[in-house]
Amino acid sequence: MHAEDSIEINAPAEIVWRVFRDVERWPEWTASMDEITFVRGDALEDGAAVRIKQPRLPRVTWRVTELTPGRSWVWESRSPGALTIARHVVTPLDEGTTRVEQSIDQSGPLGGVIGRLMAGTTRRYLRIEAEGLKAAAEQQAAERPGGS
């Protein structure tokens, strides 16, 4: 199963990245997250791991497998019979505007089944996260001296 979402944010990429990479604060700006805590490391970096609790879903541990600072990261979650990979990409556009793209891929004998069953929730959560990130980043951009 593959799901993706993208959004344009009226804030510079460095502000968007700063908000987005602070994963422990996601529950402050997205209703799709109840709790995020680091279980390995204390910042978004290669090899770091976080435990995430989302509404109506069990706790899941995600491990960062790729990171390009200021630009993107990939993390994955494994369970028996399933692999879930999430990608997050921040792309600067022009005039202080940024595009954020997120995607989720689920594979494995159980991953495909679970992915199909949860497709609606997955797409809804990606949209809620995109809209929450947009609001949080645009607010920070407006609060900085000179605005965005």
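For clarity, every value in this text was computed on a predicted model and none was experimentally measured.
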Colleague: Any chance CZ of Arg127 has more than 12 other-residue heavy atoms, nucleotides or ligands included, within less than 6.0 Å?
Modeller: yes

Colleague: For Thr98 and Ala11, indicate whether the former's side chain and the latter's backbone hold a donor-acceptor pair under 3.5 Å.
Modeller: yes

Colleague: Please list, chain by chain and in numerical order, all residues satisfying side chain to side chain donor-acceptor pair (under 3.5 Å) with Glu24, sequence neighbours excluded.
Modeller: none

Colleague: When Ile, Leu, Val, Met, Phe, Trp and Tyr are grouped by side-chain heavy atoms lying under 4.5 Å apart, directly or through other members, which residues fall in the same group as Ile85?
Modeller: Val74, Leu83

Colleague: Is there a side chain to side chain contact (heavy atoms under 4.5 Å, CB included) between His88 and Val100? Walk through the geometry before answering.
Modeller: CA-CA 7 Å; His88 310 79; Val100 171; over 6 Å; no

Colleague: Assign the ring pair Trp73 / Trp17 to parallel, tilted or perpendicular, where the plane angle (0 to 90°) is split at 30° and 60°.
Modeller: perpendicular

Colleague: Of all the heavy-atom pairs spanning Arg78 and Glu76, show the shortest one and how long it is.
Modeller: NE-OE2, 3.0 Å

Colleague: Other than Leu117, what residues sit in its cluster of Ile, Leu, Val, Met, Phe, Trp and Tyr side chains whose heavy atoms are under 4.5 Å apart, directly or through others?
Modeller: Val113

Colleague: Less than 4.5 Å apart, any side-chain heavy atom of Ile52 and any of Met33?
Modeller: yes

Colleague: Report whether Val60 and Val39 are members of the same hydrophobic cluster (ILVMFWY, side-chain heavy atoms less than 4.5 Å apart, transitive linking).
Modeller: no

Colleague: Taking salt bridge (charged side-chain N to carboxylate O under 4.0 Å, His left out) as the test, write out the residues that go with Glu8, two or more places apart.
Modeller: Arg99

Colleague: Taking only residues two or more places apart in sequence, or in another chain, which ones meet Glu138 in a salt bridge (charged side-chain N to carboxylate O under 4.0 Å, His left out)?
Modeller: Lys134

Colleague: Kindly give the heavy-atom pair with the smallest separation between Trp26 and Val19, and that separation in Å.
Modeller: NE1-O, 4.1 Å

Colleague: For Tyr125, which fellow cluster members are found when Ile, Leu, Val, Met, Phe, Trp and Tyr are connected by side-chain heavy-atom distances below 4.5 angstrom, either directly or through intermediates?
Modeller: Leu57, Leu110, Ile114, Met118, Ile128

Colleague: If every non-hydrogen atom of Ser77 is compared with every non-hydrogen atom of Thr61, which pair is closest and at what distance?
Modeller: OG-O, 3.2 Å

Colleague: Does any non-hydrogen side-chain atom of Asp5 lie less than 4.5 Å from one of Glu129?
Modeller: no

Colleague: For the atom pair OG1 (Thr121) and CD (Gln54), what is the distance rounded to the nearest 0.5 Å?
Modeller: 9.5 Å

Colleague: How far does CZ of Arg51 sit from CD1 of Ile36, to the nearest 0.5 angstrom?
Modeller: 12.5 Å

Colleague: Once side chain to side chain donor-acceptor pair (under 3.5 Å) is applied, do any residues pair with Arg71, and if so which ones, sequence neighbours excluded?
Modeller: Thr91

Colleague: Group every Ile, Leu, Val, Met, Phe, Trp and Tyr by side-chain heavy-atom contacts under 4.5 Å, then state whether Val89 and Leu133 land in the same group.
Modeller: no

Colleague: For atom CZ of Arg124, is the number of surrounding heavy atoms from other residues, nucleotides or ligands below 6.0 Å larger than 12?
Modeller: yes

Colleague: Could you grab the distance from atom OG1 of Thr37 to atom CG of Asp42, nearest 0.5 Å is fine?
Modeller: 12.5 Å

Colleague: Name all residues meeting the side chain to side chain donor-acceptor pair (under 3.5 Å) criterion together with Thr30; count only those two or more places apart in sequence or in a different chain, and write none if there are none.
Modeller: Ser32

Colleague: Asp34 versus Pro27: any side-chain heavy-atom pair under 4.5 Å?
Modeller: no

Colleague: Measure the spacing between CZ of Arg116 and CE of Met1 and express it to the nearest 0.5 Å.
Modeller: 10.0 Å

Colleague: In chain order, what residues pass the salt bridge (charged side-chain N to carboxylate O under 4.0 Å, His left out) check against Asp105, with sequence neighbours excluded?
Modeller: Arg87

Colleague: Sequence neighbours left out, what passes side chain to side chain donor-acceptor pair (under 3.5 Å) with Gln139? Give chain and number order.
Modeller: Glu143

Colleague: Within the distance-only criterion (no hydrogens, no angle test), does the side chain of Ser103 pair as donor or acceptor with the backbone N or O of Ala3 below 3.5 angstrom?
Modeller: no

Colleague: Using side-chain contact (heavy atoms from CB on, under 4.5 Å) as the criterion, list what pairs up with Ala48, not counting sequence neighbours.
Modeller: Phe38, Glu45, Val64

Colleague: Given Leu126, which partner from the list Glu131, Glu101, Gln102 fulfils the side chain to side chain contact (heavy atoms under 4.5 Å, CB included) test?
Modeller: Gln102

Colleague: What residues form a salt bridge (charged side-chain N to carboxylate O under 4.0 Å, His left out) with Glu35, not counting sequence neighbours?
Modeller: Arg59

Colleague: What are the two closest heavy atoms between Ala137 and Ile15, and how far apart are they?
Modeller: O-CG2, 3.6 Å

Colleague: If you define the side chain from C-beta out and look only at heavy atoms, does anything of Leu44 sit under 4.5 Å from Trp75?
Modeller: yes

